[in-house]
Enquirer: 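Structure below; questions to follow.
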Amino acid sequence: PALGLFLFTIARDPLRIIILIAGAFFWLVSLLLSSLIWFIAVKASDPQDEPLQKGLLIFGVMFSVLLQEAFRFLYYKLLRKAIEGLVALSEDGCSPISIQQMAYVAGVGFGLMSGAFSMINLLADALGPGTVGIHGDSQLYFLTSAFMTMVLIFLHTFWGILFFHGCEHRRWWEITAVVVMHLAVSGSTFCNPLYVGSLVPSYLLMAAAAAWAYSLSGGSTQNLRRFLLCKF
């Protein structure tokens with residue numbers, strides 16, 4: 001699905017590819033900073049204190065989410081300046097890409113980089129040692145991880161649209177809703193290996209975010225019906 005988003009909606013437009021790569025870079029920088037802070041906190045603490053280490057892990061995840069959203073806001077400000085520059089350079093006074101399109105492409109960039117790192121971690125675990133489920137744990141680790149990666153890619157795409165819309169219209173409650181949803185999805189992963197506790201809420205939030213983003217983008221039930229019936 002992620003590859004399809006790129007091929008059918010982004011790959012043919014050089015400007016969208018640039019925005020996508022820049023969005024992926026912003027997400028990568030946020031991950032680097034949050035990982036650095038978590039690493040320092042772990043090294044400065046007692047490694048034998050399991051409750052403390054678990055608390056630091058939870059802190060690291062929550063801090064990483066907040067930092068990702070902070071970088072999403074910085075990226076919005078950068079793209080807003082870019083639109084002003086494109087308008088000034090254009091002959092007709094119009095930007096070649098709208099802020100809604102930028103929001104979508106930036107969200108895909110965040111999602112693709114997030115999904116890429118999730119898959120890298122998954123492949124690293126697949127190298128061993130040991131066999132998944134050998135001690136009675138769930139054998140669905142790789143399958144559920146793949147589904148979780150997919151939902152995060154789509155969620156970042158929808159969150160990008162919602163976040164940019166909130167910034168553009170100064171609806172701070174929309175931005176807050178994105179941050180809360182991101183925290184909820186990331187926090188639900190602590191329910192693992194009870195995968196139902198993380199996958200089901202994440203997919204429900206994805207459906208809600210998709211409907212919300214579709215509505216804010218100007219979509220309607222009539223257009224959706226025509227699309228499903230292939231009546232273009």
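Keep in mind the model is a prediction, meaning the values are calculated, not measured. Sequence positions, counted from 1, serve as the residue numbers for this chain.
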Enquirer: Of all the heavy-atom pairs spanning L52 and S45, show the shortest one and how long it is.
Expert: CD2-CB, 3.7 Å
Enquirer: Can you classify the ring geometry of W27 versus F117 as parallel (below 30°), tilted (30 to 60°) or perpendicular (above 60°)?
Expert: tilted
Enquirer: Roughly how far, to the nearest 0.5 Å, is the CG atom of L199 from the CE atom of M206?
Expert: 11.0 Å
Enquirer: Determine whether H156 and Q68 make a side-chain contact, defined as any pair of heavy atoms from C-beta on separated by less than 4.5 Å.
Expert: yes
Enquirer: For Y214, I'd like to know if atom OH has over 12 heavy atoms of other residues, nucleotides or ligands within 6.0 Å.
Expert: yes
Enquirer: Quick one: do V29 and L32 end up in the same hydrophobic cluster if we chain Ile, Leu, Val, Met, Phe, Trp and Tyr together by side-chain heavy atoms under 4.5 Å apart?
Expert: no
Enquirer: Are I19 and L7 linked, directly or through other ILVMFWY residues, by side chains that come within less than 4.5 angstrom of each other?
Expert: yes
Enquirer: Tell me whether the rings of F63 and F59 are parallel (<30°), tilted (30 to 60°) or perpendicular (>60°).
Expert: parallel
Enquirer: To the nearest 0.5 Å, what is the distance between CZ on R170 and NE2 on H165?
Expert: 14.0 Å
Enquirer: Verify, without hydrogens or angle tests, whether T189 (side chain) and V185 (backbone) share a donor-acceptor contact under 3.5 angstrom.
Expert: no
Enquirer: Return the orientation label for the W173 and W212 ring planes: parallel under 30°, perpendicular over 60°, tilted otherwise.
Expert: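 Judged by the thresholds at 30° and 60°, the geometry between W173 and W212 is parallel.
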Enquirer: Just do the side chain to side chain contact (heavy atoms under 4.5 Å, CB included) check on V108 and R16 with the steps written out, would you?
Expert: CA-CA 10 Å; V108 174; R16 294 186 183 186; over 6 Å; no
Enquirer: Determine the sole option in L28, L33, L66 for which the side-chain contact (heavy atoms from CB on, under 4.5 Å) test with F71 is passed.
Expert: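 Testing F71 for a side-chain contact (heavy atoms from CB on, under 4.5 Å) against L28, L33, L66 leaves exactly one candidate, L33.
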Enquirer: Work out which heavy atom in S34 is nearest to a heavy atom in L67; give both atom names and the distance.
Expert: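 In this case the closest contact between S34 and L67 is N-CD2, 3.6 Å.
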Enquirer: I need the M119 CE to S114 OG distance, nearest 0.5 Å.
Expert: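 One finds 12.0 Å between CE of M119 and OG of S114.
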Enquirer: Can you hop from I83 to F26 via hydrophobic side chains spaced under 4.5 Å?
Expert: yes
Enquirer: Could you go step by step and tell me if Y76 and M102 meet the side chain to side chain contact (heavy atoms under 4.5 Å, CB included) rule?
Expert: CA-CA 9 Å; Y76 162 77; M102 284 187 170; over 6 Å; no
Enquirer: Go through the steps for S202 and M148 under the test side chain to side chain contact (heavy atoms under 4.5 Å, CB included), then give the verdict.
Expert: CA-CA 8 Å; S202 298; M148 195 66 188; 3.2 Å; yes
Enquirer: Please give me the minimum heavy-atom distance between G23 and Y75, naming the atom from each residue.
Expert: N-OH, 3.3 Å
Enquirer: Working note: T9 + Y104, criterion side chain to side chain donor-acceptor pair (under 3.5 Å); need CA distance, chi angles, decisive distance, verdict.
Expert: CA-CA 10 Å; T9 63; Y104 165 75; 2.7 Å; yes
Enquirer: With the side chain counted from C-beta on, respond yes when M113 and L31 share a heavy-atom pair under 4.5 Å apart, and no when they do not.
Expert: no
Enquirer: Same cluster for F6 and L155 if Ile/Leu/Val/Met/Phe/Trp/Tyr side chains link at under 4.5 Å?
Expert: yes
Enquirer: How long is the span from the NZ atom in K54 to the CG atom in L56, to the nearest 0.5 Å?
Expert: 13.0 Å
Enquirer: Are L162 and V180 linked, directly or through intermediate hydrophobic residues, by side-chain heavy-atom contacts shorter than 4.5 Å (ILVMFWY only)?
Expert: no
Enquirer: Could you grab the distance from atom CZ of F73 to atom CD1 of I175, nearest 0.5 Å is fine?
Expert: 6.5 Å
Enquirer: Give, for atom CD1 of I97 and atom CD1 of I18, the distance between the pair rounded to the nearest 0.5 Å.
Expert: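 Interatomic distance, I97 CD1 to I18 CD1, rounded to 0.5 Å: 10.0 Å.
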Enquirer: Locate the shortest heavy-atom distance separating I17 from A11; write the atom from each residue and the value.
Expert: CD1-O, 3.4 Å
Enquirer: Counting distance only, does the side-chain N/O of S215 pair as donor-acceptor with the main-chain N or O of A211 below 3.5 Å?
Expert: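 Not at all, since once roles are kept as given, no pair shorter than 3.5 Å links the two residues.
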Enquirer: With a cut-off of 6.0 Å (strictly less than), are more than 12 heavy atoms of other residues, nucleotides or ligands near CZ of F190?
Expert: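 More than 12 within 6.0 Å, yes.
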Enquirer: Which heavy-atom pair separates I161 from S217 by the least distance, and what is that distance?
Expert: CG2-OG, 3.7 Å
Enquirer: What are the two closest non-hydrogen atoms of S188 and G197, and how far apart are they?
Expert: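 Heavy atoms only, the tightest pair is CB-O, 3.8 Å.
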